[in-house]
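Input: a single structure, listed below in C-alpha cells.
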Amino acid sequence: MPNLGVAVVRQYERGVVFRLGRLRGVCKPGIHFMIPLTDRMWKVSLRTVTMPVPSQQVITQDNVSIGVAAVAYYRRSDAVKSIVEIENVSDAVGQIAQTTVRNIVGRSLLDQVLTDTQTLNLAIREILDRTTQQWGVYVLLVELKDIELPVSMQRAMARQAEAEREKRAKIIAAEGEALSAGRLAEAADVIAEHPIALQLRNLQILAEIAAEKNSTIVFPAQLLDSASAISRFVSEESRGAVSRTGAAPKPPATPTALAPAPEPTPLRRGDSDDAH
C-alpha cells in the first residue's frame, strides 16, 4: 500500500515491504521509515482466524444424505508466503476446507460420523495443514459442529434407541427376578423351619396396611389354618377310635332277595266233582 514514508506495524502484525515491485523484507512491530512513492508495505495479521465452514450436503459411505457444518481455526505463520504464494489466503483456506470436509465425511459410515467425530476432525486438519503449508498458513483445529440428518433417519434412530432401552430394562428386570427368587427361596426355607416366622410376617404386613386407615382388610390366612387343623383333628380321632375297638367297623348287611311266589296248581276234573 502506498505511504508517505512512515508506517507503524502493530504487535500482532508483520509488514512485508516491496520496493519497485521487488521484495524488500519483513518489518517487525514498531515505526518504520520508507522511501515515499517507491516502497509499498503489506501488513499481515498473525492472529488466529476463526473460519466457519458452511453446511455441506454429503452422501456417506452407507448411502445416507446428511448435512455437515464445521469450523476451522488457522493463522498465518509466514507473512511473505501468505502474500507471494497466493492471492487471497482466506478464500483459499475456506474452499479447501469445504472440499476436505466433503471428502472425509463421504468416505465414512454414518455411525462413525456420529460417534467418532474426533478421528474425522484430526483427518481433516492433517489434510488442510499439508495443503496450506505452502501458503504460509498453519491450521490449528478443525471441528465438525453440526450434523443434519433426514427426518426419516431421525425416526429410525429414535426407534432403535427405544428398542435398546427396552432390551436393557428387560435384562435388568430379569436379573432382579432371579435375585429375588433366590432370596425368596432362602426365606421359605427359614420359614419352613420356624413356622412362627410366618405369623410374625403376617402381623407386620397387617400393621403396614392398617397405617393407611382407608381400606377394609380381609385376611383369610387364620381361617384356612383353622380349617386344616380341624380336619387333622377329625382324622386323628377316627384313627384313635379304630385302635381302641381293635376291629374295623362291619359293613352294613345287604338285604336278601325276596323268594318268588309259588305258581298256582291247576285243578283236575275229578277234583272239581269231589268238591261239589
Practice prompt. Check salt bridge (charged side-chain N to carboxylate O under 4.0 Å, His left out) between R10 and all other residues, then give those that pass, not counting sequence neighbours.
Written response: E13
Worksheet entry | Separation between OH of Y12 and CG of L46, rounded to the nearest 0.5 Å | 10.5 Å
Item to complete: Report yes or no: do L114 and V64 belong to one cluster of Ile/Leu/Val/Met/Phe/Trp/Tyr joined by side chain heavy-atom distances under 4.5 Å?
Response: yes
Worksheet entry | M153 side chain near L110 side chain, heavy-atom distance below 4.5 Å | yes
Item to complete: Measure the spacing between CD of Q95 and CD of Q98 and express it to the nearest 0.5 Å.
Response: 5.0 Å
Fill in: Any side-chain donor near an acceptor of the partner, T100 and N103, under 3.5 Å
no
Worksheet item: Would I35 and L37 count as a side-chain contact (heavy atoms from CB on, under 4.5 Å) if you check the C-alpha gap in whole Å, the side-chain angles of each, and the deciding distance to 0.1 Å?
Response: CA-CA 6 Å; I35 301 174; L37 304 177; over 6 Å; no
Discussion item. Quick check on side-chain contact (heavy atoms from CB on, under 4.5 Å): which of D129, I127, L128 does R125 satisfy it with?
Written reply: D129
Discussion item. Can you confirm whether V58 sits close enough to S65 that some side-chain heavy atom of one is under 4.5 Å from a side-chain heavy atom of the other?
Written reply: no
Discussion item. If the condition is salt bridge (charged side-chain N to carboxylate O under 4.0 Å, His left out), which residues does R130 pass it with, not counting sequence neighbours?
Written reply: none
Fill in: R159 and E162: CA distance, side-chain angles, deciding distance, salt bridge (Lys or Arg N to Asp or Glu O under 4.0 Å) verdict
CA-CA 5 Å; R159 290 195 300 270; E162 184 178 357; over 6 Å; no
Practice prompt. Would you sort out whether R14 and V9 count as a side-chain contact (heavy atoms from CB on, under 4.5 Å), showing the intermediate values?
Written response: CA-CA 7 Å; R14 294 295 183 269; V9 179; 5.5 Å; no
Worksheet item: Looking at V17 and C27, what are the two nearest heavy atoms and their distance?
Response: CG2-SG, 3.3 Å
Fill in: SB check R168 E164 (cutoff 4.0 Å)
yes
Worksheet item: Are side-chain heavy atoms of I83 and W135 found at a separation under 4.5 Å?
Response: no
Discussion item. Between V16 and M41, does the side-chain contact (heavy atoms from CB on, under 4.5 Å) criterion hold? Intermediate values first, please.
Written reply: CA-CA 5 Å; V16 181; M41 176 181 286; over 6 Å; no
Item to complete: Kindly give the heavy-atom pair with the smallest separation between R19 and R24, and that separation in Å.
Response: NH1-NH1, 3.1 Å
Item to complete: Check step by step if side-chain contact (heavy atoms from CB on, under 4.5 Å) holds for Y138 and T132.
Response: CA-CA 7 Å; Y138 173 68; T132 59; over 6 Å; no
Worksheet entry | Side chain to side chain, R75 and L140, heavy atoms closer than 4.5 Å | yes
Item to complete: State yes or no: do V139 and V44 share one hydrophobic cluster built from I, L, V, M, F, W and Y residues joined by side-chain heavy-atom distances below 4.5 Å, directly or via other members?
Response: no
Item to complete: Measure the spacing between CD1 of I104 and CG of L122 and express it to the nearest 0.5 Å.
Response: 11.0 Å
Worksheet item: What's the shortest heavy-atom distance between N63 and I59, and which atoms?
Response: CA-CG2, 3.8 Å
Worksheet entry | Heavy-atom donor-acceptor pair, S180 side chain to E177 backbone, under 3.5 Å | yes
Practice prompt. Starting at CZ of R155, measure out to CG of L149 and round the result to the nearest 0.5 Å.
Written response: 12.5 Å
Worksheet entry | Polar contact flag, side-chain donor to acceptor under 3.5 angstrom, Y74-S90 | yes
Worksheet entry | Under 3.5 Å donor-acceptor, T117 side chain and V113 backbone | no
Discussion item. Please report the interatomic distance CD(Q118) to CG(N121), rounded to the nearest 0.5 Å.
Written reply: 5.5 Å
Worksheet item: Between P52 and P54, what is the shortest heavy-atom contact and its length?
Response: O-CD, 3.6 Å
Worksheet item: Does a sphere of radius 6.0 Å around NZ in K28 hold more than 12 heavy atoms from other residues, nucleotides or ligands, not counting ones at 6.0 Å or beyond?
Response: no
Worksheet item: Can you tell me if OH on Y73 sees more than 12 non-hydrogen neighbours from other groups inside 6.0 Å?
Response: no
Item to complete: Tell me whether V101 is reachable from I66 by hopping between hydrophobic residues (I, L, V, M, F, W, Y) whose side-chain heavy atoms are closer than 4.5 Å.
Response: yes
Practice prompt. For residues A7 and M34, report the shortest heavy-atom separation together with the two atoms involved.
Written response: CB-CE, 3.6 Å
Discussion item. Test your reading of the model: is there a side-chain donor-acceptor pair from S238 to the backbone of S235, 3.5 Å cut-off?
Written reply: yes
Worksheet item: Does S77 use its side chain to pair, donor to acceptor, with the backbone of G136 at less than 3.5 Å?
Response: yes
Fill in: Spacing of CD1 belonging to I124 relative to CD1 belonging to I96, to within rounding of 0.5 Å
11.5 Å
Worksheet item: Between the side chain of K43 and the main-chain N/O of V8, is any donor-acceptor distance below 3.5 Å?
Response: yes
Practice prompt. Report yes or no: do V84 and V137 belong to one cluster of Ile/Leu/Val/Met/Phe/Trp/Tyr joined by side chain heavy-atom distances under 4.5 Å?
Written response: no
Discussion item. Count I, L, V, M, F, W, Y as connected when their side-chain heavy atoms are under 4.5 Å apart, and connections chain through other members. Are M51 and V71 then in the same cluster?
Written reply: no
